[in-house]
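Following: one structure in structure tokens, then a few remarks.
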Amino acid sequence: MPIARKLQSTVIGRDFERDALAPYVKSFMDMNKTVANECGYDLLEEPQKAMNRPNSRNSWKKFYTEGFMDPESFNVDPLMESYDIEDQKAMQEQMFQNDITAMYEHTSLADYNPVIGMVFPMHKNIMMNMVFDKGAIQKVVAEGPKCTLTMENRILLDTQGNEIDMYLEQDKMTPAIDASNPMYMIELALPERETTDVLAACGGTVHDSMSIRTHVAMVKLTNVYIAEGDNLPDADGVITSRNPVATAADAKLYPAVWFPVNIGFKPGYNQYERTFVQPLTFTVRKSATEVETRRCTLSGTMDHNKFNIYADDNTVVPAIKLAAELDTSNAMLDTCSVKWTEKTTLIEIPNAIPINTTISPQEVKDIAALYTVNQMTKVMSLYKSVMANYKDDKIRQFLDQSYDRLPARAKGYNEFDYAVPEGYALDHVEHRYKTFFDFFDTEVTKMLQVLNDPNMVITVFGCPDLIRKITPTEYKYQTPSSIGPVELDFKRTVVTSDNRVYQFIGSDKLRWTDELVCILCPRNSNRVTYRIYDYQMYVSNEIRNISNPALPAIHAFERWLIDEYQPVQTRIKILNRDGRRKATTTTTPVGP
């Protein structure tokens, strides 16, 4: 009888041997052989024993946590300390424990499937290749599916009971403190002979006294001509150098104007508590062609909250404005106070949307097929690509939605034209390199002023083509093409300037977008803008496909969450990315 000889086996998908994941898979398989030889437990054949025995478990933990990051990235920022690296290691160890827990929770202890051994290398590779998740957004590892975020709020409470956030509303703090003891502008006609109750005008009582900061702040001059080119008086009649300049139509004679002065009362050593004597000289216009000099001597006393103020020539200075405030030393004023509060938010990591692929019996009848590098590379690469792309896209969607709902003070927008402006002598490349970073630095300053916290890393996401054209030629750190056997599919460049750290991250996931996404990433945990909570990943064929439960299937999901607390974001639109201004001419179609 003739013998039906079997055909030579054919390997399908040999192109995966050149996949970027192949070196990493080979290192995984080599590690598996080493652990199996030393400890006697194969992760793919007996995952329950490999994870329950201390020796093999520690070996896989070391494989999972080592080579997870480039240590050089922590030497870029002078504010980064060695404990930051330790924090990263601690988070990676916690993630390893979470993945082990997921395996225990979702898989029967009596029958661990060999596919579940793929969890650890896949999860590590996915996290190392996240574009939006690689040091650009603050990240923590959750110990469980529910955790709390407690943040401290530092509050200044003003005299009206209004709460002022010391970080978000820093510009309101000084006015609130000043408002607790305001400075009053009181107009006094000269001579003033203790006829005006200045203490009562400032809201004081018999228990109060005038502050030694009380002083003459303005003097009044009459019949002053304002010519073209002179500063106009403001709505209160005060002339300062910051006021608008008069035009020909504004030139006229003003019956009265005020000039700022600063004449303080000094200690008196005779019968008065405080006194002053101040000669004054003013050069003013009488008309469009005449200029005159006016002189007088102003003198005054302050004694027991009463004022005597004289001018030796009242025609020169007929009145003054006294800047008066109460003395705070008696503690009779209602003052501002400070307090701190805490806001606790419950963080709930939702259930993940899984992916499930059925496998025919022909594919799985020979378990040895799972141990070949080609088959492992193929399965891991497909799942890694899908899950990594999904996570990145969801993070980007969240950033876009966050930008749309941010208040005006917490977001910015600007445009930068790569094409040269008209009349620029050099080429567009020179224009871009010499002007973009100066423009960008101004936008960053606006971002930092939102939270009034300079302890931030500025991160820019964009199309690789745009990032390549704007990244400074001198940089302090750039990601290597790979970390260990893991080949990275993004480029990260870090630049330091004036104690600021910039991260420029370009990835093909953002290809041909003309918008740069700029966010702030805090250097410490005392501030949260955006935060990613990583929890766990699961890969096994314990769960069947609902549409075809007869066949075994590979089931995989990753649980994580992105959230925001005090987000700040800026978008920069790039015009004419190729450096050439587009023609605006139109073409008339030719035809019948």
Side-chain angles (χ1 to χ4, degrees), residues 152-189 192 196-220 231 233-244 257-267 273-276 278 298 300-307 309 319-341 407-410 445-446 448-454 566:
E152 177 189 83
N153 291 331
R154 299 182 178 185
I155 302 297
L156 173 67
L157 195 67
D158 68 9
T159 55
Q160 305 301 316
N162 300 314
E163 295 186 352
I164 300 173
D165 191 297
M166 293 187 184
Y167 290 112
L168 296 179
E169 301 173 308
Q170 195 178 76
D171 57 315
K172 298 180 181 179
M173 292 169 58
T174 298
I177 296 174
D178 286 340
S180 63
N181 186 29
M183 182 78 72
Y184 295 89
M185 284 290 182
I186 302 172
E187 183 175 344
L188 301 175
E192 165 63 30
T196 304
D197 191 349
V198 177
L199 183 65
C202 294
T205 66
V206 294
H207 303 289
D208 293 305
S209 299
M210 299 306 301
S211 169
I212 61 175
R213 290 179 55 190
T214 301
H215 63 282
V216 177
M218 295 183 189
V219 295
K220 184 178 184 179
N231 293 108
D234 61 16
D236 297 324
V238 181
I239 295 180
T240 66
S241 59
R242 293 178 297 177
N243 292 357
V257 295
W258 293 90
F259 284 91
V261 294
N262 185 15
I263 305 174
F265 292 86
K266 306 299 180 184
E273 290 179 353
R274 304 183 72 80
T275 65
F276 75 83
Q278 181 69 44
L298 206 62
T301 63
M302 181 175 71
D303 189 65
H304 292 88
N305 303 320
K306 300 293 184 180
F307 294 86
I309 302 176
I320 57 102
K321 283 188 178 181
L322 193 69
E325 68 175 12
L326 299 179
D327 186 4
T328 60
S329 61
N330 60 0
M332 295 289 290
L333 293 176
D334 185 13
T335 62
C336 297
S337 60
V338 298
K339 67 176 184 178
W340 67 275
T341 60
R409 72 179 302 272
T445 300
K446 296 177 185 177
L448 294 175
Q449 288 174 345
V450 174
L451 299 178
N452 295 293
D453 187 355
Q566 291 178 333

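The side-chain heavy atoms of Asp303 and Thr301, taken from C-beta on, include no pair separated by under 4.5 Å. In this structure, the side chains of Leu451 and Leu168 come closer than 4.5 Å at one or more pairs of heavy atoms. Considering only heavy atoms from C-beta on, Pro260 comes within 4.5 Å of Val238 through its side chain. With a 4.5 Å cut-off on side-chain heavy atoms, Lys220 and Val257 do not count as touching. Phe307 is listed as a side-chain neighbour of Leu322, based on a closest heavy-atom distance under 4.5 Å. Within the 4.5 Å cutoff, no side-chain heavy atoms of Val198 are placed close to those of Asn305. Annotation: side chain of Met332 is in contact with side chain of Asp208 (closest heavy-atom distance under 4.5 Å). By the 4.5 Å heavy-atom criterion applied to side chains, Ile239 and Phe259 are counted as neighbours.
Across Met185 and Ala217, no two heavy atoms sit closer than the pair CE-CB, 3.7 Å. Across Ala200 and Asp197, no two heavy atoms sit closer than the pair N-OD1, 3.1 Å. What you find for Asp327 and Ser329 is that their closest heavy atoms are OD2-OG, 2.9 Å. Across Ala176 and Leu156, no two heavy atoms sit closer than the pair CB-CD2, 4.3 Å. Heavy-atom minimum distance, Met183 versus Ala323: SD-C, 3.5 Å.
Looking at Asn330, its side chain does come within 3.5 Å of a backbone N or O of His207 through a donor-acceptor pair.
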Please evaluate residues Thr159 and Thr335 with respect to the criterion side-chain contact (heavy atoms from CB on, under 4.5 Å), reporting the C-alpha separation (whole Å), side-chain torsions for both, the decisive distance (0.1 Å), and the verdict. CA-CA 6 Å; Thr159 55; Thr335 62; 5.5 Å; no

Is there a side-chain contact (heavy atoms from CB on, under 4.5 Å) between Glu325 and Cys202? Walk through the geometry before answering. CA-CA 6 Å; Glu325 68 175 12; Cys202 294; 6.0 Å; no

Verdict with supporting geometry, Thr240 and Asn231, side-chain contact (heavy atoms from CB on, under 4.5 Å): CA-CA 7 Å; Thr240 66; Asn231 293 108; over 6 Å; no

May I have the step-by-step check of side-chain contact (heavy atoms from CB on, under 4.5 Å) for Val216 and Val261, ending in yes or no? CA-CA 7 Å; Val216 177; Val261 294; 4.1 Å; yes

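In this structure, CD1 on Ile164 lies 7.0 Å from NZ on Lys172, to the nearest 0.5 angstrom. Distance check, rounded to the nearest 0.5 Å: CD of Gln278 to NE2 of His215 gives 12.5 Å. To the nearest 0.5 Å, the span separating CD on Glu163 from NZ on Lys339 amounts to 3.5 Å. The structure places CE of Met302 at 10.0 Å from CD1 of Ile309, a figure rounded to the nearest 0.5 Å. Note: Asp158 CG to Met173 CE = 12.0 Å, rounded to the nearest 0.5 Å. To the nearest 0.5 Å, the span separating OG on Ser337 from CG on Leu157 amounts to 4.0 Å.
Evaluation of the ring pair (Phe, Tyr, Trp, His ring centres under 6.0 Å) rule for Phe276 yields Phe265 as partners, not counting sequence neighbours.
Few gaps surround CZ on Arg409; more than 12 heavy atoms of other groups in view lie less than 6.0 Å from it.
Under the 3.5 Å distance criterion, with hydrogens and angles disregarded, a donor-acceptor pair is assigned to the side chains of Thr196 and Glu192.
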